[in-house]
Asks: 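Take a look at this one; I'll ask things after.
Because only heavy atoms are used, hydrogens play no part in the values below, and waters and symmetry mates are left out as well, while side chains stay in.
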Amino acid sequence: MIRIRALFALLGLTLATPLQAQATDFVLVNGTDQALGNLEIRRTGSSEWQPLGAAPARGAQSSIAFSNPDCAFDIKAAPASGEAIVWSGVNLCEVNAVTLKLVAGTPFAEYR
């Protein structure tokens with residue numbers, strides 16, 4: 001009987017602790033048709049941008065070292081050809097790679 005109670009207590013602790021997703025290292029692919037400048041990142045809903053590093057060349061990819069307990073981020077790049085482009089609400093949890101794209105001037109991200 002004591003073993004059964006201990007088992008239920010342990011099971012209750014396991015179920016009471018939710019799995020916490022968080023953003024970790026990922027591969028960033030420049031899927032746009034242009035060269036992008038340095039990248040910046042902020043948690044979606046915040047206002048402070050942080051440097052993320054140089055953007056990969058057009059069609060190329062680079063590994064990004066990143067760790068944050070949140071999942072949703074905005075990524076900004078300033079192309080040489082004009083105003084900054086912002087990809088909003090990029091989910092960096094449970095992904096291996098993010099491809100930044102532009103379709104008819106609208107930024108969106110694809111995930112692997």
Asks: Closer than 3.5 angstrom, by distance alone: can the side chain of Tyr111 be matched with the main-chain N or O of Asn91 as a donor-acceptor pair?
Replies: yes
Asks: How many angstroms lie between CG in Leu100 and CG in Leu28, if you round to the nearest 0.5 Å?
Replies: 4.5 Å
Asks: Membership question, hydrophobic clusters at under 4.5 Å side-chain separation (ILVMFWY): are Ile64 and Val98 in the same one?
Replies: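 As far as the 4.5 Å side-chain criterion goes, Ile64 and Val98 are connected within one cluster.
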Asks: Does the side chain of Glu40 reach to within under 4.5 Å of the side chain of Leu52, using non-hydrogen atoms?
Replies: no
Asks: Return the minimal non-hydrogen interatomic distance between Ala54 and Ser62, and the atom names on each side.
Replies: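 Scanning both residues, the minimum pair turns out to be O-OG, 4.4 Å.
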Asks: State whether the side chain of Asn30 and the backbone N or O of Pro56 hold a donor-acceptor pair below 3.5 Å, judged by distance alone.
Replies: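 Checked: pair present.
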Asks: Which atom names give the shortest non-hydrogen contact between Leu36 and Ala77, and what distance separates them?
Replies: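 Smallest heavy-atom distance, with atoms named: CB-CB, 4.0 Å.
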Asks: What do the steps show when you test Val29 against Arg112 for side chain to side chain contact (heavy atoms under 4.5 Å, CB included), and what is the final call?
Replies: CA-CA 11 Å; Val29 180; Arg112 283 186 280 140; 3.9 Å; yes
Asks: Taking all non-hydrogen atoms of both residues into account, name the closest pair between Val90 and Ala109 and its distance.
Replies: CG2-CB, 4.3 Å
Asks: Grab the two heavy atoms, one from Ala21 and one from Cys71, that are nearest each other, plus how far apart they are.
Replies: CB-SG, 4.0 Å
Asks: For Gln34 and Arg58, which heavy atoms make the closest approach, and how far apart are they?
Replies: N-CD, 3.4 Å
Asks: What residues, two or more places apart in sequence or in another chain, satisfy salt bridge (charged side-chain N to carboxylate O under 4.0 Å, His left out) together with Asp70?
Replies: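 If we apply the salt bridge (charged side-chain N to carboxylate O under 4.0 Å, His left out) test to Asp70, skipping adjacent residues, the hits are Arg43.
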Asks: Between Gln22 and Ser67, is any pair of side-chain heavy atoms under 4.5 Å apart?
Replies: yes
Asks: Between Asp74 and Trp49, is any pair of side-chain heavy atoms under 4.5 Å apart?
Replies: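 A side-chain contact exists here, since the closest heavy-atom pair is under 4.5 Å.
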Asks: Do Thr44 and Ser88 touch side chain to side chain, with heavy atoms closer than 4.5 Å?
Replies: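 Thr44 does not reach Ser88 side chain to side chain.
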Asks: Do the non-hydrogen side-chain atoms of Arg42 and Gln50 ever get within less than 4.5 Å of each other?
Replies: no
Asks: Might you point out which heavy atoms bring Pro107 and Val86 nearest each other, and give the distance in Å?
Replies: CG-O, 3.2 Å
Asks: Any heavy-atom pair between the side chains of Ile85 and Leu102 that's under 4.5 Å?
Replies: yes
Asks: To the closest 0.5 Å, what do you measure between CH2 (Trp87) and CD1 (Ile75)?
Replies: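 Between Trp87 CH2 and Ile75 CD1, I get 8.0 Å after rounding to 0.5 Å.
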Asks: Are the side chains of Ile41 and Leu92 in touch, meaning some heavy atoms are under 4.5 Å apart?
Replies: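 Yes - at least one pair of side-chain heavy atoms lies under 4.5 Å apart.
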Asks: If hydrophobic clusters are built from ILVMFWY residues whose side chains come within less than 4.5 Å, do Val95 and Phe66 share one?
Replies: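 Linked, Val95 and Phe66 end up in one cluster.
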